[in-house]
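Chain letters run A, B, ... following the sequence lines, proteins first and then strands; every chain starts at 1.
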There are 2 protein chains.
Amino acid sequence: MMGGEKAAPGVTIREVAKAAGVSTATVSRVLNADPRVSPDTARRVRECVAELGYKMNQVARSLKTRATRTIGVVAPRLASDFFMLLAESMDRELSAYGYGLFVCSSRESVSEEEQRLQLMAERLVDAVVMIPATDRGTHYRPFIGRGTPFVLVDRLVSDLEADAVLVDNAGGARDATRALIADGYRRIGFLGGSLEVSTARERYEGFTEAMAEAGLAVEEDFVRFGSLHVESGYLSMAEMLARPGAPEAYFIVNADTHVGATNYLMTEGWASRGRIVFASFDEMPYSPLLQFCRWSVSQPIDELGARTARLALDRIGGTVPPEPEIIRLGTKLIRHDVRPRTLRSDGFD
Amino acid sequence: MMGGEKAAPGVTIREVAKAAGVSTATVSRVLNADPRVSPDTARRVRECVAELGYKMNQVARSLKTRATRTIGVVAPRLASDFFMLLAESMDRELSAYGYGLFVCSSRESVSEEEQRLQLMAERLVDAVVMIPATDRGTHYRPFIGRGTPFVLVDRLVSDLEADAVLVDNAGGARDATRALIADGYRRIGFLGGSLEVSTARERYEGFTEAMAEAGLAVEEDFVRFGSLHVESGYLSMAEMLARPGAPEAYFIVNADTHVGATNYLMTEGWASRGRIVFASFDEMPYSPLLQFCRWSVSQPIDELGARTARLALDRIGGTVPPEPEIIRLGTKLIRHDVRPRTLRSDGFD
DNA sequence: CTGTTAGCGCCTTCAG
DNA sequence: CTGAAGGCGCTAACAG
C-alpha cells in the first residue's frame, strides 16, 4: 500500500507562461487583474489557464504576500447556537472577498485559547475573531503584539482593550425587565450566568437598573448565577421554586438556561400549578416551544457576524484608525402571545 | 492612515540558526524531531527557539511539503445543529494531531459546492469532508481527480462512489416505527424530507419496511415530503391534521421538522384536543420540550465526527486500502416518558 | 506593455 | 552528526 502521496502537483504558472509564450510575470499579472497587460495577451493567457486547468497555489502566493485570505475563529464551543449563526453569517460576508474561515474550539479553557492562537499565528491567518472563554484576556497580548488584527465578539474581557462587536446586553435586559414590570409584576427573579462573563454581567446590570428605576427590590433569594448551560437553568429554577414565596416572574439570561428552566417546569408539572412567566434573552428556532416565555430579547446575530467580518476586513486593509473600535448593536424586544403561540418570524404567523 | 501592513515578519529559522551557531538545516531537523542531531545541539537550538520566540511559518513549510495540516469542510449550512456537533467532534479529534478545520457553507447549492471545492484546492487542504447539498455528486469528480482524500458525511450521493461515514438511517427509522406499532398504533403518518436526500430516503424506507412487516398499510394521504426545515414540519403537520381521519401517531424525519410539527400542535391547541404521538429522528438539548415525542432516534454525532476525522487522517497517511470505505454507525432508540419528562442524559435524572 | 531577477521561509538531498 | 545549496510557486521591483 503506497503511503502518503500528496495531491497531484498540479499545473504551475510557468507551464501556463510557456504555453502562452509569455513570462511568468505576465501570467501573474493577468491572474491578479493587473491592468497594464494588453487585452490580447491577457486573453491568450486566460485561454491557456482554462485549457491547462491551472489552479493557483495560494500557499505559494501567501508565502510571498504574507496574506492568506483566511480569518481564524476561536470559540469556547463550536456546538452552540450562537457560534453557528455567527459562523454562517461571517462566511456569507467573507466568501464574496475570497476569504475563508479557519475555526477551532477553545473548549472553554484559557490554555487551549493560547494553543489555538499559536496555531493561528503559525498559519499566518490575516485576522483572528475571538469569542472569549473567560473574563481574562491578558494571554491574548503576545498574539496581538504580532500585529495581526484581533476582534472580540459577543463578550468583552476586563483586562484588555481591543476591537469588539457586541450587543447592548444591559439595554436588552432592561427592556425585558421593564416589560415584565409593565405587565404588573412587582417581584421578579433572576436566572443568570456567571458574573465572570461580560454578557451575563451586563444583563444582570440591566435587570437591576430596571428594578431600581421602578423602585422595586432585587431579592437575593431569587437571584441565581450559574453557568450558561441547560443544566444550570434547570437547577437554578428548581432551587428557587423550592423556596417559599417564590415570584411568578423571572428574567432569564440566555437560551440554554431558558431551555433548562422550562424543562424543569414541565418535568415538575408547574405548567398547571402556577402562572410562571419568563422574559429571556435569545430567540431561537425552537423558541415557540418555550411555553412560559412572554418576552424575549432577540439578538441580531446575523448583523453581528457581518459587522465582525467587515471590521476584520477593514483592519486587514488598514482602512480604519488604529484606536480599538467597540461596536454595540441594539436588541429587539419580542412579545410572545400567551396563546396561541406563533412560529418564528421567518415562517408563518 | 497607513494602509494594509502585514503582521510583523517574525523570527525565521535563519536567525535561530545564527543565534545557535548552527546551520538552518540543523534547526529544521530539531524542529521536526529528526533523531540524527546530537542532544547537545538540539538543546541549544531549542533554547534559542524559546528565547527568540520563534514560531514556525507553516505556509512556507506547506509550500515545500505540499501538506497544510488542514482539513476542509463543506456543509449545506453552518447554522445547523448537526454540522456544529460534527465540527466540534472533528476539531477535538484533529487538534491532537496539529490539524485544523477550514470550513465553509455551500448554501445548499451545487454551484457553490463547486466554488468551495475550488477554494479548497487552491489552498491545498489535505482532505475534504463534504456534507452533500443534494443527491448529485458528479461535480465532485474533478476535485477528487486531483488525488486529495474526499469523504462524504451524513448523506450519500447517488452518482459517485467515495468514502462515506453515515448512520443506519433505515434501521433507526425501522426501530422507531416498530416501537409505535408495539405501542398499539395501527395507522402511522410520515412527516419527511425530500426523497432527493439520502437520509430522508433511507428513513422513509425504514418506515415502510416496519409497516410492511407488521402488515400495516402506508396511507398516502398521511405521508408528506418537504424540506428538512422547521417550516416544512409545521406545514406538513397542518395539512395532514386538516384531513378527516388523520392518524394519532407519526414518524418524523428529523429534529427541525419535529420542532415545526410540535409548534403547529401547540399553536392550534391540539395539545388538549387529541393524543397525538410522535417518533422522531434526532435528540437535541431542547428535545425535552418536544411534548408529543414518545420515541426518538439518537444519532452518534460525536462518533460520526471522530470516525470521519480518523478516516480522513488515514487517507492522508495512505495507511488504508484505496477502495472507498463506507462506514455505517448504529443509532439508539430512546423512550421519552410521557410524564414527567426528563432532561437529556448528560443532565440529571 | 513585458521580461528578468530575486527572494518569501522552509525542507532535503548530497557531501563532508 | 552537520553544512551547503537548490527549489517549492508565486510576486514585485526594476529594467527595457
Whole Å only: how far is the [atom1] atom of [X] from the [atom2] atom of [N]?
X	N	atom1	atom2	result
B/Arg14	D/dG3	CZ	P	14 Å
B/Asp40	D/dC1	CG	C1'	12 Å
B/Leu63	D/dG7	CG	P	14 Å
B/Arg61	D/dC8	CZ	P	18 Å
A/Met56	D/dG9	CE	P	14 Å
B/Ile13	D/dA4	CD1	P	14 Å

(request) Please tell me which of A/Pro35 and B/Lys55 maps to the more 5' nucleotide of DNA chain C, matching each residue to the nucleotide holding its nearest heavy atom. (result)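 Final value for this comparison: A/Pro35.
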(message) Both A/Val37 and B/Arg29 contact DNA chain C. Taking the nearest nucleotide for each, which residue is further toward the 5' end?
(response)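 The residue closer to the strand's 5' end, by nearest nucleotide, is A/Val37.
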Hey, are [Y] and [X] close enough side-chain-wise for a donor-acceptor pair under 3.5 Å?
X	Y	value
A/Arg123	B/Ser62	no
B/Thr148	B/Arg146	yes
A/Thr12	A/Arg14	no
A/Gln118	A/Glu122	yes

(request) Taking atom CD of A/Gln115 as the centre, report whether more than 12 heavy atoms of other residues, nucleotides or ligands fall under 6.0 Å from it. (result)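 Yes, enclosed.
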(message) On DNA chain D, does the nearest nucleotide to B/Ser38 precede the nearest nucleotide to B/Lys64 from the 5' side, or the other way round? Give the residue.
(response)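 Closer to the 5' end of DNA chain D: B/Ser38.
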(request) Kindly say whether B/Tyr97 contributes a backbone atom to a donor-acceptor pair with the side chain of B/Arg69 at under 3.5 angstrom? (result)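 Present.
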(request) Look at the side chain of B/Glu88 and the backbone N and O of A/Leu78, then say whether any donor-acceptor pair between them is shorter than 3.5 Å. (result)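 Confirmed, B/Glu88 side chain pairs with A/Leu78 backbone.
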(request) Check DNA chain D against residues 21-28 of chain A and give the residues with a non-hydrogen atom under 4.0 Å, in numerical order. (result)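 Residues of residues 21-28 of chain A that come under 4.0 Å of DNA chain D are, in numerical order, A/Ala25, A/Ser28.
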(message) Name the residue from B/Leu156, B/Ile327, B/Val153 that meets the side-chain contact (heavy atoms from CB on, under 4.5 Å) definition with B/Leu166.
(response)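 Only match with B/Leu166 under side-chain contact (heavy atoms from CB on, under 4.5 Å): B/Leu156.
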(request) Go through D/dT11, D/dT2, D/dG6 for me and flag the one nearest to the B/Thr41 side chain. (result)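 Among D/dT11, D/dT2, D/dG6, the one nearest the side chain of B/Thr41 is D/dT2.
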(message) Going 5' to 3' along DNA chain C, between which two nucleotides do contacts with chain B fall, using a heavy-atom cut-off of 4.0 Å?
(response)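 Boundary nucleotides touching chain B, in 5' to 3' order, are C/dG9 to C/dT13.
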(request) Hey, could you give me the CG/CE distance between A/Asp81 and B/Met84, rounded to the nearest 0.5 Å? (result)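 That separation rounds to 10.0 Å.
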